[in-house]
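Remember, it's a predicted structure, so these values are computed and weren't measured experimentally.
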Amino acid sequence: FHISDSERNRGYRKFLDSLRDPGAAGILGHIKRFLMSVLMPQAAAVGESVFQNSDMDNAPLEERAKIWFEFMEDQFDAHPLWQDKGEKALIMAREGLEKYVMTKLFHVAFNEICLRVAADDEQFTHRRKVLQRFVTAEDLEVHPVCRSRMTVSLASNELNKLNSFCAPAGKLQCIVR
């Protein structure tokens with residue numbers, strides 16, 4: 001299922017506009033509670049729990065986010081604003097939700113992960129530098145048409161943009177391009 005960048009941007013703006021609809025108050029409440037549970041856990045503990053099982057409030061962020069995003073998919077499927085719009089609208093709503101939430105939680109989510117994998121990253125960087133010295137495009141069976149400096153430069157630029165995106169879907173688009 002392919003969606004162009006311009007269509008994705010329009011979809012995100014539509015998603016934000018949908019959140020402004022008074023009928024989306026319940027969806028917006030779920031989003032705010034989840035964000036508060038991550039960004040300000042002490043304040044969120046006083047209010048209503050994000051999860052039916054309050055033990056989940058102390059689970060690792062990846063696990064909480066996975067369960068919450070699955071819950072939100074069900075909410076979108078059943079919500080009147082998205083219910084009869086078709087699969088494409090639901091996909092755009094899910095992507096919009098992911099982008100919105102990950103933009104807010106980016107530093108928390110990726111800082112936790114970066115701290116855990118710092119040693120692995122350092123080891124990978126060292127190995128990559130060693131391999132760059134003697135592995136060629138021919139060794140990697142890169143098609144001869146794609147071996148020009150311009151093509152490699154374009155690919156490198158796209159991959160370097162990776163860190164400018166907060167949502168996983170945006171990062172994936174850099175890799176695919």
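- Within the 4.5 Å cutoff, the side chain of W68 has no heavy atoms near those of the V38 side chain.
- The shortest side-chain heavy-atom distance between D17 and R20 falls under the 4.5 Å cut-off.
- Distance check: T103 OG1 to L35 CG gives 10.5 Å after rounding to the nearest 0.5 Å.
- You'll find the side chain of L39 stays beyond 4.5 Å of the side chain of H107, heavy atoms only.
- If you take CZ on F15 and CH2 on W82, they are separated by 6.0 Å, rounding to the nearest 0.5 Å.
- When M92, K99, E98 are each tested for a side chain to side chain contact (heavy atoms under 4.5 Å, CB included) with Y12, only one passes: K99.
- Rounding to the nearest 0.5 Å places CD of Q75 at 4.0 Å from NE2 of H30.
- Distance CD1/I67 to CD/E62: 11.5 Å, rounded to 0.5 Å.
- To the nearest 0.5 Å, atoms CG (L28) and OG (S18) are separated by 11.5 Å.
- Two residues are said to be in side-chain contact when any heavy atoms from C-beta on lie closer than 4.5 Å; L81 and I27 fail this criterion.
- Between K88 atom NZ and L90 atom CG the span is 13.0 Å, to the nearest 0.5 Å.
- Within a 6.0 Å radius of CD in E122, other residues, nucleotides and ligands contribute 12 heavy atoms or fewer.
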